[in-house]
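Data block below; observations after.
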Amino acid sequence: MANEKIPYKIYLSEDELPKQWYNVRADMKKKPAPLLNPGTGKPVTPEELGRVFCDELVKQELDDTSAYIDIPEEIQSFYKMYRPAPLVRAYCLEKALGTPAKIYYKFEGNNTSGSHKLNSAIAQAYYAKKQGLKGVTTETGAGQWGTALSMACSYFDLDCRVYMVKVSYEQKPFRREVMRTYGASVTPSPSTTTEVGRKILAEFPDTNGSLGCAISEAVEAATSTEGYRYVLGSVLSQVLLHQTVIGLETKTAMDKYGIKPDIIIGCAGGGSNLGGLIAPFMGEKLRGEADYRFIAVEPASCPSLTRGVYAYDFCDTGKVCPLQKMYTLGSGFMPSPNHAGGLRYHGMSAILSELYDQGLMEAKSVEQTAVFDAAQKFARVEGILPAPESSHAIKAAIDEALKCKETGEEKTILFGLTGTGYFDMYAYAAFNDGKMSDYIPSDEEIAKSVAKLPKIG
Ligand SMILES: *Cc1c(COP(=O)(O)O)cnc(C)c1O
């Protein structure tokens, strides 16, 4: 079909929305390594995981053979409130760049949480409710996950306790109030309400907190409260599974118009949006049906794929979660305080880590001033004020489009625009005032953190 016929926005009808999630592990010949129990060093059992996570989610976490998993009707109905997410042809950006490349983005910011995180929050809350639980605990960094989970919990009438990284709690009071409006309780982390929080505070009294530390607190709160489980907004394979609605919708929409992306780009924090976006395309690549370039984009200040090591590590600073084999900077890695762009997690999804290790996916890191520069360019022509996280993908997409301008190639570029940046105005202010700086950790700093990895095998 000729380019002219492709609309600015490609929507799907309700009937075309996915009815199953796609589990890319089923098509991987070499699967991600199993989660290990840190005490025994052996693969975790469903019983052990069941103390922390909901039963149905444990099943999904450990299932690396079922290619498709039904999306329960109740979750499908909730999805219909804010999905399909539009797939947008970035005609205006293409024109501004003067590139022959065709750029598309899948916009996930069209709900109150302002990000893709609601796709998994609603699934996790549903399974918790179905199991008869009273409530769930979680951590949130920038606040999108906490907001998404608060929305999902209020929908299913579940109690929601959020541990929010202290620096975000202080810098983003409006995020906090959105969560409270949906009925969640929000505690700045590290806090004195948990043993691990008190321990971290004793050691680092001035800490701004970190995601890993907030995870530890949330896990402790869940495992020490009757009728509670812990839920996580990224990294885990179950979360990537739920996020495949992003990629499945995108694939259906592109197929309708006969569009085949050459390059698929996503920002990578814990890897859930990227994993969800690329899953159906990666499935084709794994089955030998088609080829694509996949690019994970991470911040230069927290470069787990590009400068980390592939090893077993803790998912949290408190060392209570199972060990996961992943690209990691070490669970004790503290991103620099000047880092504004989100994506500050020390590790990476086990699925994406394995795909990257097998050479099926590329990764690059970008510095934050360049990221905000790309965000501003994008906002000024496409209208949407992007989240700093999403802007890592924008930066990489613009770079690829400019390469096409040099070579004259008409490549098709697809990227995930994961959310909006309305709660990131301190970061935008720093950028607008010319006060934003870049921070790149030294090799010594990374080596020091990586040296503390748990010794396995
Ligand atoms: C949480 C978040 C991310 C990063 O998380 P992933 O699990 O890597 O997808 C990216 N963009 C936005 C807007 C987010 O809220």
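Both counts, for ligands and for their atoms, begin at 1 and track the order of listing. Predicted model only: the values in this text are computed from it and were never measured. Count residues from 1 along the sequence. Every heavy atom of this structure was used, including side-chain atoms; hydrogens, water molecules and symmetry mates were not.
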Minimum-distance protein heavy atom relative to atom 11 (N) of ligand 1
Thr418 OG1, 2.7 Å
Please round to the nearest 0.5 Å and tell me the distance separating atom CG of Leu329 and atom CD1 of Ile446.
5.5 Å
Can you report which non-hydrogen protein atom sits closest to atom 10 (C) of ligand 1, along with the distance?
Glu389 CB, 3.4 Å
Under the 3.5 angstrom rule, does the side chain of Glu249 hit a backbone N or O of Leu12 as a donor-acceptor pair?
no
So for atom NZ, which belongs to Lys364, do other residues, nucleotides or ligands contribute more than 12 heavy atoms lying within a distance under 6.0 Å?
yes
Would you check the N or O atoms of Gly114, main chain and side chain alike, for any that come under 3.5 Å of an N or O of ligand 1?
no
Decide yes or no on salt bridge (charged side-chain N to carboxylate O under 4.0 Å, His left out) for Asp373 and Lys395, but give the supporting numbers first.
CA-CA 8 Å; Asp373 188 57; Lys395 163 71 181 145; over 6 Å; no
Geometric N/O contact Gly270 with ligand 1, under 3.5 angstrom:
yes
Identify the protein heavy atom lying closest to atom 4 (C) of ligand 1, giving its residue, its atom name and the separation to 0.1 Å.
Leu343 CD2, 3.5 Å
Close approach of Ala142 to ligand 1, heavy atoms, under 4.0 angstrom:
no
Might you confirm whether atom NZ of Lys9 has over 12 heavy atoms from other residues, nucleotides or ligands at distances under 6.0 Å?
no
Heavy-atom nearest neighbour in the protein, as seen from atom 2 (C) of ligand 1, with distance rounded to 0.1 Å:
Lys117 NZ, 2.3 Å
Proximity to ligand 1 by part of His116, non-hydrogen separation under 4.0 Å:
side chain
Give the numbers and elements of all ligand 1 atoms closer than 4.0 Å to a heavy atom of Gly269.
8 (O)
Protein contact of atom 7 (O) of ligand 1 - nearest heavy atom, named by residue and atom, plus distance
Ser234 OG, 2.4 Å
Donor-acceptor pair, distance only, cut-off 3.5 Å: does the side chain of Asp70 make one with the backbone of Pro72?
no
Honestly, for Ser115 the part within reach of ligand 1 (heavy atoms, under 4.0 Å) is side chain
Side-chain donor or acceptor of Gln243 paired with backbone N/O of Gly275 under 3.5 Å:
no
Phe281 and Lys251 have their tightest heavy-atom pair at CE2-CD, 3.6 Å
